[in-house]
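I have placed the structure first, in the form of structure tokens, so that the comments after it can refer back to it.
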There are 2 protein chains.
Amino acid sequence: MSNQVITTKPKARINDYVSVDCVIFGFDFTQLNVLLVDRVLKDEITDKEKFNDLTLTGNHIYEDEDLEAAAARILFDLTGLKDIYLEQFQTFGSPQRITRENDKAWLAANGRDPDQRIITVGYYSLLATDKVTLEWKGRNVSWFPVSEVKELAFDHMEILNEALTALRKKLLQEPIGFELLPPKFTLSQLQRLYEVVLGVSLDKRNFRKKVSRMKYLVALDEKQKGVAHKPARLYVFDREIYENTRKELFDFAI
Amino acid sequence: MSNQVITTKPKARINDYVSVDCVIFGFDFTQLNVLLVDRVLKDEITDKEKFNDLTLTGNHIYEDEDLEAAAARILFDLTGLKDIYLEQFQTFGSPQRITRENDKAWLAANGRDPDQRIITVGYYSLLATDKVTLEWKGRNVSWFPVSEVKELAFDHMEILNEALTALRKKLLQEPIGFELLPPKFTLSQLQRLYEVVLGVSLDKRNFRKKVSRMKYLVALDEKQKGVAHKPARLYVFDREIYENTRKELFDFAI
DNA sequence: AATTCTAAGTGTTTCGATTACACTTTCGAA
DNA sequence: TTCGAAAGTGTAATCGAAACACTTAGAATT
């Protein structure tokens with residue numbers, strides 16, 4: 001059986017036992033959202049928005065492809081964007097990852113061995129845009145508020161939970177929140193981001209006092225427009241200042 | 001060719017493309033050490049203690065085996081110990097992991113395809129003992145001070161560096177230092193552990209003030225014996241108190 | 001028995017960060 | 001012109017971090 005290669009890259013998978021899954025987070029100034037794909041083909045959908053037919057976006061790894069490159073490729077397919085923030089957070093490889101009957105049935109129906117354990121390298125990514133494809137491989141794609149997702153297909157709920165835990169830890173230590181915001185943002189938007197992701201509420205004055213110490217958060221001579229209240233000042237994150245002034249944390253929690 | 005199975009477990013590897021590597025750390029009250037294996041068989045050693053023939057301890061994953069179970073198995077083989085602290089820290093899967101000629105030659109000589117990319121799930125483990133086997137699969141095994149290891153076979157130096165970074169981050173946030181100490185230890189030993197692992201020097205009085213706030217660090221009515229100076233009080237880490245009083249950190253570094 | 005060596009153990013002050021808390025301002029919309 | 005809604009601003013109290021030097025207890029030596 002001949003296999004016509006039409007791209008310049010060889011597209012052979014390294015094997016069927018390893019995949020990369022990508023937990024794509026987005027922020028709409030109100031909630032933290034995650035991009036989910038319906039595993040049922042668009043044509044065949046009967047019962048809309050059943051969470052247990054929703055999955056994270058995953059894919060196999062090609063022969064000459066780095067793990068992170070595979071995650072970036074998934075992202076590019078869904079957003080058309082490159083150079084997106086990506087972070088490897090955990091690898092999942094329990095032999096009993098798939099237990100539910102409907103998951104096994106889906107795998108069998110899609111030509112895979114439901115008892116074959118797959119090792120999945122998990123990445124999460126942070127998007128500052130809500131522009132994504134609405135369809136991927138003939139399947140519906142859409143944003144869901146993380147707080148409302150209670151059940152997903154396969155073990156993807158566990159993967160999402162671990163991604164969220166990793167994101168929170170990271171956010172507590174490094175200024176990655178900016179990856180979820182447009183280049184120019186207000187302090188209230190930034191505060192809301194921290195509140196939503198960490199699940200806490202923060203005092204406005206104390207928050208502003210704290211961020212005013214961060215030199216890499218630069219105030220612009222520019223204000224919000226078209227809002228029905230006092231317009232907020234806009235800020236940018238200056239990566240260069242951050243890289244030059246960042247210091248290691250040595251406040252240990254023994 | 002028949003293959004006699006003598007254990008009760010099926011010993012088939014899931015495949016040859018995935019492995020688990022285990023970075024085994026130990027602490028001798030003076031230095032942080034790492035357990036390394038000479039990839040050259042004992043019989044064949046000509047030039048002793050060449051770092052570029054030293055490797056971390058890794059292994060394949062069996063069919064019915066969890067990733068962490070595979071790491072625990074490696075540990076058990078080397079120490080005879082179970083329930084060792086284990087932490088998954090990163091998965092390595094670059095297609096160009098092996099570049100050096102001597103590494104490729106070693107793989108070829110050991111019946112493997114030197115150009116076959118292997119995906120390795122990295123765990124680190126913390127040992128409170130220096131008791132380990134001195135031989136593993138016919139190879140020398142020994143402790144080396146982490147600070148003196150500059151070069152390792154394959155990409156194991158990178159893996160060790162990432163493990164060390166992960167260990168430091170973890171140590172800054174959770175009281176895992178106790179895993180590297182015997183059940184009873186002195187405050188000076190604990191301080192030295194933090195200094196060595198984090199690569200800093202700490203003020204004795206401030207350190208003691210800080211740890212005295214940690215309720216799970218329990219002072220015993222017991223002292224060091226046989227030391228040629230004022231004997232230090234012994235302490236234990238009370239895991240139960242820790243679990244019951246631990247609170248999430250919400251001091252974010254924006 | 002006295003001396004020496006070595007690490008254990010102990011308190012105070014200064015400084016900076018965290019917390020708690022309420023009113024005025026500026027815009028668009030009605 | 002008024003109203004609604006979010007932006008923006010300061011102070012006092014408390015807590016933790018950092019800097020810093022001498023005394024004590026035991027083993028080893030004389």
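A note on names: the letters A, B, ... follow the listed sequences, proteins ahead of strands, and every chain is numbered from 1. Since the model is a prediction, treat every value here as computed from it, not as a measurement.
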Specify the separation, in whole Å, of atom CD of A:Glu222 and atom P of C:dT26. 19 Å

Can you list the residues that meet the ring-ring contact (aromatic ring centres under 6.0 Å, His included) rule with A:Phe185, with sequence neighbours excluded? A:Phe178

Nearest-nucleotide pick for B:Lys204, side chain only, options being C:dG9, D:dT9, C:dC21: C:dG9

To the nearest Å, how far apart are B:Gln224 CD and C:dT6 P? 16 Å

I'd like to check the side-chain hydrogen bond (donor to acceptor under 3.5 Å, both in side chains) partners of B:Glu158; sequence neighbours left out, ordered by chain and number. none

Under 4.0 Å from any atom of DNA chain D, heavy atoms only: list the residues of residues 225-233 of chain A that qualify, in numerical order. A:Ala228, A:His229, A:Lys230, A:Pro231, A:Ala232, A:Arg233

Identify every side-chain donor-acceptor pair in residues 221-230 of chain A under 3.5 Å, counting partners at least two apart or on other chains, and give the distances.
from, atom 1, to, atom 2, distance (Å)
A:Glu222, OE1, A:Lys184, NZ, 3.0
A:Glu222, OE2, A:Lys184, NZ, 3.0
A:Gln224, OE1, A:Ala232, N, 3.1

Which pairs, with at least one residue in residues 83-94 of chain B and sequence neighbours excluded, count as a salt bridge (charged side-chain N to carboxylate O under 4.0 Å, His left out)? B:Glu87-B:Lys170

Find the distance B:Leu190:CG to C:dA8:P and express it as a whole number of Å. 12 Å

Hey, does the side chain of A:Thr91 reach the backbone of B:Val121 with a donor-acceptor pair shorter than 3.5 angstrom? no

Given atom CG of B:Leu187 and atom P of C:dA7, what is their separation to the nearest angstrom? 16 Å

Let me know the distance between NZ of A:Lys223 and C1' of D:dG8, rounded to the nearest Å. 10 Å

List the residues meeting side-chain hydrogen bond (donor to acceptor under 3.5 Å, both in side chains) with A:Arg192, not counting sequence neighbours, and say none if there are none. none

Base of D:dA19 paired with side chain of B:Asn206 (donor-acceptor, under 3.5 Å): yes

Hey, is the side chain of B:Ser188 poking within less than 4.0 Å of OP1 or OP2 on C:dA7, counting only N and O atoms? no

Can you tell me the distance, in whole Å, between the CZ atom of A:Phe185 and the P atom of D:dA7? 14 Å

Donor-acceptor pair, distance only, cut-off 3.5 Å: does the side chain of A:Gln191 make one with the backbone of A:Leu202? yes

Give the nucleotide from the list D:dT9, D:dC20, C:dA8 with an atom nearest to the side chain of A:Arg208. D:dT9

Given DNA chain D, 5'-ward residue of the pair B:Lys209 and B:Arg205, judged by closest heavy atom: B:Lys209

For the pair made of CD in A:Gln189 and P in D:dA6, what is the distance, rounded to whole Å? 13 Å

Can you tell me how far P of D:dA7 sits from CZ of A:Phe29, to the nearest Å? 12 Å

